[in-house]
Amino acid sequence: QQQVKQSPQSLIVQKGGISIINCAYENTAFDYFPWYQQFPGKGPALLIAIRPDVSEKKEGRFTISFNKSAKQFSLHIMDSQPGDSATYFCAASIGTSGSARQLTFGSGTQLTVLP
Amino acid sequence: DAGVTQSPTHLIKTRGQHVTLRCSPISGHKSVSWYQQVLGQGPQFIFQYYEKEERGRGNFPDRFSARQFPNYSSELNVNALLLGDSALYLCASSQDSGANVLTFGAGSRLTVL
């Protein structure tokens with residue numbers, strides 16, 4: 001029930017195209033859904049995040065769409081650029097007073113944007 | 001501003017050995033979390049420490065232990081290393097235990113032969 005399932009495993013898009021990565025979860029107690037971007041040799045870096053009371057959040061070229069009833073959320077990268085080539089992870093966590101906010105990560109999507 | 005710093009960056013051990021990994025959080029951050037990232041997978045939660053107390057533990061065997069020091073830096077210890085412990089070990093810091101935003105370090109790449 002703690003699992004977050006992510007697809008696709010890999011994605012190749014042309015420069016200027018739209019990249020879409022999907023995630024699904026089971027645990028309805030999750031209350032925070034971040035996306036992380038990881039470049040080779042680096043740690044994951046927070047890209048954008050959303051709470052379940054919002055259906056969409058946009059920051060620049062990055063948008064999260066959230067469907068609470070379907071227990072799914074997705075990352076859309078508009079006007080994809082070669083510099084966006086990285087591994088993307090969705091994650092989810094539960095906030096419990098006095099306890100750690102543990103992130104449960106998806107398995108990752110390796111995005112390649114062709115010039 | 002210095003981010004989360006981890007050491008060593010790479011290390012090679014043999015089965016049965018012990019390893020200690022170190023992490024210095026962002027200045028002002030009091031919480032440190034450890035994650036294990038096996039090649040091709042997402043990070044998996046190991047521990048969180050806040051104000052030197054363990055606040056959360058993931059599904060890892062007792063061979064894994066950690067501690068946090070008064071200056072908020074942290075160590076992750078793994079005893080009796082197995083081949084399956086080969087992974088990137090990530091440290092993340094946050095301002096407090098319930099904070100949403102985690103800032104990750106670049107990790108320590110452990111190879112067990």
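Values below: all heavy atoms of this structure, side chains included; hydrogens, waters and symmetry mates excluded. Order of the sequence lines fixes the chain letters, A, B, ..., with proteins taken first and strands second; residue numbering starts at 1 for each chain. Predicted model, so just to flag it, every value in this text is computed and none were measured.
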Does atom [atom1] of [X] have more than 12 heavy-atom neighbours, drawn from other residues, nucleotides or ligands, at distances under 6.0 Å?
X	atom1	result
A/Asp53	CG	yes
A/Gln9	CD	no
B/Leu39	CG	no
B/Arg15	CZ	no
B/Asn59	CG	no

(message) Which atoms of A/Gln38 are under 4.5 Å from chain B, going by heavy atoms: the side chain, the backbone, both sets, or neither?
(response) side chain
(request) Go through the atoms of A/Pro34 and report whether side chain, backbone, both or neither lie under 4.5 Å from a heavy atom of chain B. (result)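 For A/Pro34, no heavy atom lies under 4.5 Å from chain B.
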In one Ile/Leu/Val/Met/Phe/Trp/Tyr side-chain cluster, 4.5 Å: [X], [Y]:
X	Y	answer
B/Val4	B/Leu21	no
B/Ile46	B/Leu83	yes
A/Val54	A/Phe73	yes
B/Tyr72	B/Ile26	no
B/Val78	B/Tyr49	yes

(request) Check the pair A/Phe105, B/Phe45 against side-chain contact (heavy atoms from CB on, under 4.5 Å), reporting the backbone distance first and the verdict last. (result) CA-CA 9 Å; A/Phe105 283 86; B/Phe45 176 77; over 6 Å; no
(message) Only pairs of heavy atoms separated by less than 4.5 Å count here; which of B/Ser31, B/Ser94, B/Gly42 has the most with chain A?
(response)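 Among B/Ser31, B/Ser94, B/Gly42, the one with the most close pairs to chain A is B/Gly42.
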(message) Please give me the minimum heavy-atom distance between B/Leu90 and A/Gly43, naming the atom from each residue.
(response)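 In terms of heavy atoms, the two residues are closest at CD2-CA, 4.1 Å.
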(message) Looking at every heavy atom in both B/Ala106 and A/Gly41, which two are closest together, and how far apart are they?
(response) CB-O, 3.9 Å
(message) Is the shortest side-chain heavy-atom distance between A/Leu46 and B/Val101 below 4.5 Å?
(response)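 Counting from C-beta outward, A/Leu46 and B/Val101 do come under 4.5 Å.
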Region of [X] in contact with chain A, defined by heavy-atom distances below 4.5 Å:
X	value
B/Glu54	neither
B/Leu102	both
B/Tyr35	side chain

Interatomic distance, [X] atom [atom1] to [Y] atom [atom2] [nearest 0.5 angstrom]:
X	Y	atom1	atom2	value
B/Gln48	A/Leu103	CD	CG	9.5 Å
B/Arg55	A/Gln102	CZ	CD	12.5 Å
B/Gln41	A/Phe89	CD	CZ	9.5 Å

(message) Which one wins on heavy-atom pair count under 4.5 Å against chain B: A/Ala91, A/Gly108, A/Ala45, A/Ser107?
(response) A/Ser107
(message) Counting the benzene-type ring for Trp, do A/Tyr36 and B/Phe104 have ring centres under 6.0 Å apart?
(response)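 Judged by ring-centre distance (under 6.0 Å), A/Tyr36 and B/Phe104 do meet the cut-off.
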